Chemist: 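Starting off with a structure, shown below.
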Number of protein chains: 2
Amino acid sequence: METAERLFLDKGFALTTTTEIAKEAGCNQALVHYYFRTKEKLFQRIFETKLTLFASTFFSIGQQGDTFEERLTQKIEAHFDMLVQNPKIPFLIINELTPHPERLTEIIKNMNEISMNMLNSLESDLKAEIKKGTIRPITVFDLILNIISLNVFLFISRPIVSSVLNLTEVETKAMMAGRKKEIVQTVIRSLKN
Amino acid sequence: METAERLFLDKGFALTTTTEIAKEAGCNQALVHYYFRTKEKLFQRIFETKLTLFASTFFSIGQQGDTFEERLTQKIEAHFDMLVQNPKIPFLIINELTPHPERLTEIIKNMNEISMNMLNSLESDLKAEIKKGTIRPITVFDLILNIISLNVFLFISRPIVSSVLNLTEVETKAMMAGRKKEIVQTVIRSLKN
DNA sequence: ATTATCTATAGATCTATAGATAATGC
DNA sequence: ATTATCTATAGATCTATAGATAATGC
């Protein structure tokens with residue numbers, strides 16, 4: 001499963017073969033099917049884990065903090081840090097869900113319990129601030145999509161950006177750290193009245 | 001080529017077969033190879049066109065306008081409008097370049113002529129504004145990546161967002177129009193001192 | 001006795017080409 | 001005579017399973 005996870009994350013479902021998984025895992029190809037029946041089933045087990053991880057993190061951290069700005073900064077950074085730990089998840093999700101949006105339907109229901117609560121808490125927090133006049137009017141949808149766009153796209157485009165700018169691994173890390181601060185700045189400042 | 005373009009944009013290189021291209025184009029599969037030799041060559045002709053289109057638009061529009069804010073708004077909207085016309089290009093580029101970053105190397109050189117000029121003009125424009133104190137200090141890299149992130153990710157995630165929120169086609173269009181305004185707002189406001 | 005692992009292979013694709021036939025241009 | 005189109009097929013995968021053999025657990 002570890003090998004399969006790595007290969008699926010690198011190349012997606014279509015480009016990964018059970019032969020390759022077996023080879024890199026050090027067994028024969030039949031054994032992969034002995035344990036998981038089909039390539040699809042093996043993929044789904046990995047994919048659902050990754051999708052749940054990706055979706056839940058954003059809504060589950062950053063409830064403390066005195067000011068709205070602090071709480072929001074925590075959320076953005078927690079989301080960013082989750083991506084640092086799982087940099088290839090966004091590519092996998094985009095890669096698989098875009099041609100097969102129907103795959104999402106079942107999984108959404110499983111997440112609604114946790115995420116909806118957190119979403120509502122963010123929404124009421126946001127609305128209170130807008131009413132106070134400390135930030136401009138904005139929907140929770142737009143705010144979240146702004147944050148996810150800025151965070152996720154960095155990780156999606158990282159291989160391409162590193163290639164275009166010819167960055168070493170160290171330089172890439174420095175660039176990512178810089179982006180983390182910049183993204184927080186961009187989101188916080190964009191809310192100012 | 002039209003059929004191939006549509007299928008490659010929808011499903012990427014790996015999931016598209018020359019058999020399917022031929023079938024939907026109304027000829028037999030051998031004819032595809034008669035004209036294009038290999039699936040790879042056919043793909044590259046389409047891919048390079050799309051990649052050039054994607055990369056050049058951002059740097060080639062929006063030079064007029066009295067204030068920096070107007071010029072920047074034009075650039076953001078021009079980029080957004082290009083994506084409206086070509087909503088599936090980002091997915092194709094991400095999908096193909098992430099597992100094969102080496103494919104980019106040749107193509108970069110072709111674009112450097114145009115884009116570098118435009119990038120320099122944006123950079124000097126930006127620096128002048130920062131010096132004047134009308135906007136906060138920010139690198140041209142961060143500004144461009146902010147814009148591309150917000151714009152492109154919307155189009156990458158559109159199928160997923162529409163599916164999650166259960167949006168009709170009309171509702172999706174309205175959402176996109178709202179996002180266009182919101183993205184401009186976010187970028188402009190995030191630059192304020 | 002059950003579970004794990006292997007070899008071998010069926011069956012389904014898919015790309016690419018060979019070679020025959022039809023259509024077109026001079 | 002050249003170009004376009006077709007049928008047929010070779011060769012390369014790849015998934016999945018059947019059936020034999022080895023390892024493990026009681």
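Note on naming: letters A, B, ... go to the chains in the order of the sequence lines (proteins, then strands), and numbering restarts at 1 for each one. No experiment lies behind these values; they were computed from the predicted model shown.
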Chemist: What is the distance, rounded to the nearest whole Å, between atom CG of L31(B) and atom P of dA22(C)?
Modeler: 16 Å
Chemist: Grab the CZ-C1' distance between R37(B) and dA16(C) for me, whole Å please.
Modeler: 9 Å
Chemist: So if I take every side-chain heavy atom of K39(B) and compare against dT7(C), dA4(D), dT15(C), which nucleotide ends up nearest?
Modeler: dT15(C)
Chemist: Which of these nucleotides, dT17(C), dT15(D), dC14(C), is closest to any side-chain atom of T18(A)?
Modeler: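 Minimum distance to the T18(A) side chain belongs to dT15(D).
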Chemist: Mind calculating the distance between CG (L15(A)) and P (dT13(C)) to the nearest angstrom?
Modeler: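 Atom CG in L15(A) sits about 19 Å away from atom P in dT13(C).
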Chemist: Please give the nucleotide sitting opposite dT24(D) as a Watson-Crick or G-U wobble pair, both distances under 3.5 Å, or none.
Modeler: dA1(C)
Chemist: Counting side-chain heavy atoms from CB outward, which of dA18(C), dT15(D), dA16(C) is closest to H33(B)?
Modeler: dA16(C)
Chemist: With a 4.0 Å cut-off on heavy atoms, is Y34(B) in touch with a base, just the backbone sugar-phosphate, or nothing at all?
Modeler: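 Base contact - Y34(B) has a heavy atom under 4.0 Å of at least one base atom.
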Chemist: Is the phosphate of dC6(D) approached by N28(B) (side-chain N or O, under 4.0 Å from OP1 or OP2)?
Modeler: yes
Chemist: When the ring centroid of F155(B) is compared with that of F80(B), is the distance short of 6.0 Å?
Modeler: yes
Chemist: What's the OH-C1' distance between Y35(B) and dT17(C), to the nearest Å?
Modeler: 17 Å
Chemist: Quick one: look up who dG19(D) pairs with, Watson-Crick or G-U, both distances under 3.5 Å, and put none if it's unpaired.
Modeler: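 For dG19(D), the partner nucleotide comes out as dC6(C), under the 3.5 Å rule.
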Chemist: Between Q29(A) and Q29(B), which residue's closest nucleotide on DNA chain C lies nearer the 5′ terminus?
Modeler: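 Between the two, 5'-proximity favours Q29(A).
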Chemist: Rounded to whole angstrom units, what separation is found between the CZ atom of F36(B) and the P atom of dT15(C)?
Modeler: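 So the CZ-P distance, F36(B) to dT15(C), works out to 15 Å.
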Chemist: Atom CD1 in I93(A), atom CD1 in I156(B): separation rounded to 0.5 Å?
Modeler: 12.5 Å
Chemist: Given atom NZ of K23(B) and atom P of dC6(D), what is their separation to the nearest angstrom?
Modeler: 15 Å
Chemist: Any link between V32(B) and L15(B) through a network of hydrophobic side chains (Ile, Leu, Val, Met, Phe, Trp, Tyr) touching at under 4.5 Å?
Modeler: no
Chemist: Would you say dT15(D) has OP1 or OP2 under 4.0 Å from some side-chain N or O of T19(A)?
Modeler: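 Looking at the OP1 and OP2 atoms of dT15(D), one of them is under 4.0 Å from a side-chain N or O of T19(A).
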Chemist: For R136(A), does its backbone N or O pair with a side-chain atom of R189(B) as donor and acceptor, under 3.5 Å?
Modeler: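 Looks like no, no N/O pair under 3.5 Å.
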Chemist: Between C1' on dA16(C) and CD on E40(B), what's the gap in Å once rounded to a whole number?
Modeler: 14 Å
Chemist: So if you build clusters from Ile, Leu, Val, Met, Phe, Trp, Tyr with side-chain heavy-atom gaps below 4.5 Å, do F13(B) and F36(B) land together?
Modeler: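 Yes, because F13(B) and F36(B) connect within a single hydrophobic cluster, where side-chain heavy atoms sit under 4.5 Å apart.
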